[in-house]
Amino acid sequence: MGLNGCSSSSGGRSFFGGFWSAALRRKAIGNPTESVAGHGGGLVRRLGLFELILIGIGASIGAGIFVVTGTVARDAGPGVAISFALAGAACVLNALCYAELSSRFPAVVGGAYLYTYAAFNELMAFLVFIQLMLDYHIGAASIARSLASYFVSLLELLPFLRGHFPSWIGHGGIEFFGGVVSINILAPILLILLTLILCYGVKESSAVNSFMTATKVVIVIVIIFAGAFEVDVSNWSPFAPNGFKAVITGATVVFFSYVGFDAVANSAEESKRPQRDLPIGILASLFVCAVLYIGVCLVITGMVPYKFLGEDAPLAEAFTAKGLKVVSVLISIGAVAGLATTLLVGLYVQSRLYLGLSRDGLLPSVFSKVHPLRHTPIHSQVWVGLVAGIMAGLFNVHQLSHILSVGTLTGYSVVSACVITLRWKDKVSSQVSGKCISARCEGIICLVLIAFGGFLAGLCYRFSGSFIIIIFAVAMAIFGAVAVQFRQGYADPPGFSCPGVPIVPVLSIFINIFLFAQLHEEAWYRFVIVSLISVGIYALYGQYHANPVSSEHSVVYHGVPSEAA
């Protein structure tokens, strides 16, 4: 990709000309059987299929299963089980897209950033990274605070410790300046411990994650079976007391309880058999989470009438009300294990994303250094732990929760679009739809049209707008989908293939942007402001330090070693 109209000036290009030339660069992917030796000092392939599945489960099932279920059930009633089923079905669309791309690009870390770099351009990849990273940093600090609170609550189950922990250790914190600053000591300490585990080695950190994830899964299964004997089926009637719209609204809320399967894709460079195991790990972890969520919802709404479920600790309160205090203790242990694994995997994913961008020159080279003995990106890992520790120790980050999920939904939408664009064939018959627009540009315009239709439909649904506008928005998206289907040629990808392309990715984009419209208005402001800041950072640093790429001489990501393929 180049700008062809300015070659007469031998003294150099203008700033904007150089900016756009750099911003539109794309990555090419090498042969999947090539060696990765070119990276030198890289990560080591030590993760098998079982570890990858547990990484996905560990990243997804946190306190949400112990808290969110009760919150949503207050509105959706027993229909909260349907909410989780619908959200799981929507996530399957995203998971299928991630599964194809993780199989197509199994060589190195990068996830959504890498896929965007290969399918679209350098600037968009950088924007996706920044939006995702802000979600990860805020989320890690928030989870660390919740983990500190749950950990103290677990210790307080011992009578001689009850009431002896001040607020600045676990529960909340000491507030200053009207609550802007909130000091908490335990959250940073827990982050330091988890960061040390991750720095020590991926095999060791995977073992810790596997043990704690297996523990919480066993506890959730025990909860389901123990609660099943206390279910009163009359509590399931009416199943959707506030109508189906409340169930749909509940699905938009619990959708984020499934977020985490993308962590498997970011384990690409440390997977033993990435082309086979990554797609299986993504889909299997999502399936396990969906089954556990739905089982817990059916049990909890069957044990206690939905109107009486607590919003802070609904599971524990339900079992306590039935006289099963031993199960309540297990729930507390499960909550601690769930939050710890979610935090552990979150920190792991962040460091690998920093590693990927640093290799490409979009971040300082210090983040790409891998320890020669431990084979972990220690500098990146310490950095993400430091950022999360400072935020968790000094600020009440729970107040920022309403601006989260922007990066996740953006990343998921772009990944779905990547599946479509990377499948396009450059056929002569489809090169021109008019004299001034290529088939690729036409396809991208159609994808934008689909996204806009999803956003418009989401706004109308949220604010109870005219049904006619919703029909118009859906028709707009259908028009874009039809154009993408019949105006483009599609090739079969190597490895795992997402079924129903382009329809499945199109549905994924529409649903993700529909959910984007349900977010708090401040989340939209955050999206715009962070995007503008990201463009500024890229203009001042990224475009000058990124590895030079052109359509003729592409910097190639090496593939999986032949012995691991």
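Side-chain contact between Glu122 and Tyr117 is present, with at least one heavy-atom pair separated by less than 4.5 Å. Leu298 has its side chain out of reach of Pro78: every pair of non-hydrogen atoms, C-beta onward, lies at least 4.5 Å apart. When side chains are defined from C-beta on, Ser358 does not count as touching His379, because their heavy atoms never get closer than 4.5 Å. Counting only heavy atoms from C-beta outward, the side chains of Met133 and Val387 never approach each other to under 4.5 Å. Side-chain atoms of Ile280 and Leu49, non-hydrogen and from C-beta on, do get closer than 4.5 Å to each other. Leu198 has its side chain out of reach of Thr376: every pair of non-hydrogen atoms, C-beta onward, lies at least 4.5 Å apart. At least one side-chain heavy atom of Cys199 sits less than 4.5 Å from a side-chain heavy atom of Val382. Put simply, the side chain of Val254 does not reach to within 4.5 Å of the side chain of Leu86, judged on heavy atoms.
Note that CH2 of Trp383 and CG of Leu386 are 6.5 Å apart. Values are rounded to the nearest 0.5 Å. Remark: Met124 CE to Ser534 OG distance equals 13.0 Å, nearest 0.5 Å. Residue Leu154 holds its CG atom at 6.0 Å from OG of Ser332, rounded to the nearest 0.5 Å. In this structure, Ile300 CD1 and Ile224 CD1 are separated by 11.5 Å, a value rounded to the nearest 0.5 Å. Interatomic distance, Met303 CE to Phe308 CZ, rounded to the nearest 0.5 Å: 15.0 Å. Taken from CD1 in Ile61 to CG in Leu292, the straight-line distance is 4.5 Å, to the nearest 0.5 Å.
Scanning both residues, Asn94 and Ser416, for their nearest heavy atoms gives OD1-OG, 3.8 Å. What you find for Ser380 and Ser351 is that their closest heavy atoms are CB-O, 3.6 Å. Closest approach of Asn266 to Gly111, counting heavy atoms only: OD1-N, 3.5 Å. The shortest non-hydrogen separation linking Ala59 to Ala263 is CB-CB, 4.1 Å. Considering all non-hydrogen atoms of both residues, Ile57 and Ser285 come closest at N-CB, 3.7 Å. Of all the heavy atoms in Ser413 and Ile513, the pair that sits closest is OG-CD1, 3.4 Å.
Judged purely by atom type and a 3.5 angstrom limit, Ser142 has no side-chain atom pairing as donor or acceptor with the backbone of Ile138. Under the 3.5 Å distance criterion, the side-chain polar atoms of Arg359 are left unmatched by any main-chain donor or acceptor of Ser368. Listed for the Arg526 side chain is no donor-acceptor partner under 3.5 Å among the backbone atoms of Glu521. Without hydrogens or angle criteria, Thr252 side chain to Thr249 main chain gives a donor-acceptor distance under 3.5 Å. The backbone N or O of Leu309 lies less than 3.5 Å from a partner atom in the side chain of Arg74, making a donor-acceptor pair. No side-chain donor-acceptor contact under 3.5 Å links Tyr293 to the backbone of Gly88. Judged purely by atom type and a 3.5 angstrom limit, Thr342 uses its side chain to pair as donor or acceptor with the backbone of Gly58. Formation of a donor-acceptor pair under 3.5 Å by the Arg462 side chain with backbone atoms of Leu519 is found in this model. Between the side chain of Thr213 and the backbone N or O of Ser210, no donor-acceptor pair lies under 3.5 Å.
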Q: Apply side chain to side chain contact (heavy atoms under 4.5 Å, CB included) to Phe165 and Leu186, showing your working.
A: CA-CA 11 Å; Phe165 292 97; Leu186 183 56; over 6 Å; no

Q: Show the numbers, then the answer: is there a side chain to side chain contact (heavy atoms under 4.5 Å, CB included) between Phe367 and Leu357?
A: CA-CA 8 Å; Phe367 293 117; Leu357 265 84; over 6 Å; no

Q: Run the numbers on Lys369 and Ile378 for side chain to side chain contact (heavy atoms under 4.5 Å, CB included), then give the verdict.
A: CA-CA 7 Å; Lys369 296 185 183 299; Ile378 289 184; over 6 Å; no

Q.
If you apply the rule side chain to side chain contact (heavy atoms under 4.5 Å, CB included), what do you find for Leu330 with Ile223, and how did you get there?
A. CA-CA 8 Å; Leu330 285 178; Ile223 289 170; 5.6 Å; no

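Checked by atom type, the side-chain pair Asp135/Thr408 shows a donor-acceptor distance below 3.5 Å. There is no side-chain donor-acceptor pair under 3.5 Å between Gln381 and Thr195.
Checking Thr215, Asn209, Val208 one by one against Phe211, the side-chain contact (heavy atoms from CB on, under 4.5 Å) holds for a single residue, Thr215. Of the residues listed (Phe514, Phe527, Trp524), the one engaging Phe455 in a ring-ring contact (aromatic ring centres under 6.0 Å, His included) is Trp524, and it is the only one.
Ring pair Tyr258/Phe84 is perpendicular by interplanar angle, where above 60° counts as perpendicular and below 30° as parallel. Ring geometry for Tyr354 against His137 counts as tilted: the plane angle lies between 30° and 60°, on a 0 to 90° scale.
Salt bridge Lys272/Glu51: absent, no basic N to carboxylate O contact under 4.0 Å.
No more than 12 heavy atoms of other residues, nucleotides or ligands lie within 6.0 Å of OH in Tyr200, so this atom counts as exposed by the packing criterion. Crowding of Tyr541 atom OH: a count of heavy atoms from other residues, nucleotides or ligands under 6.0 Å exceeding 12.
Tyr412 has its ring centre less than 6.0 Å from the ring centre of Phe261.
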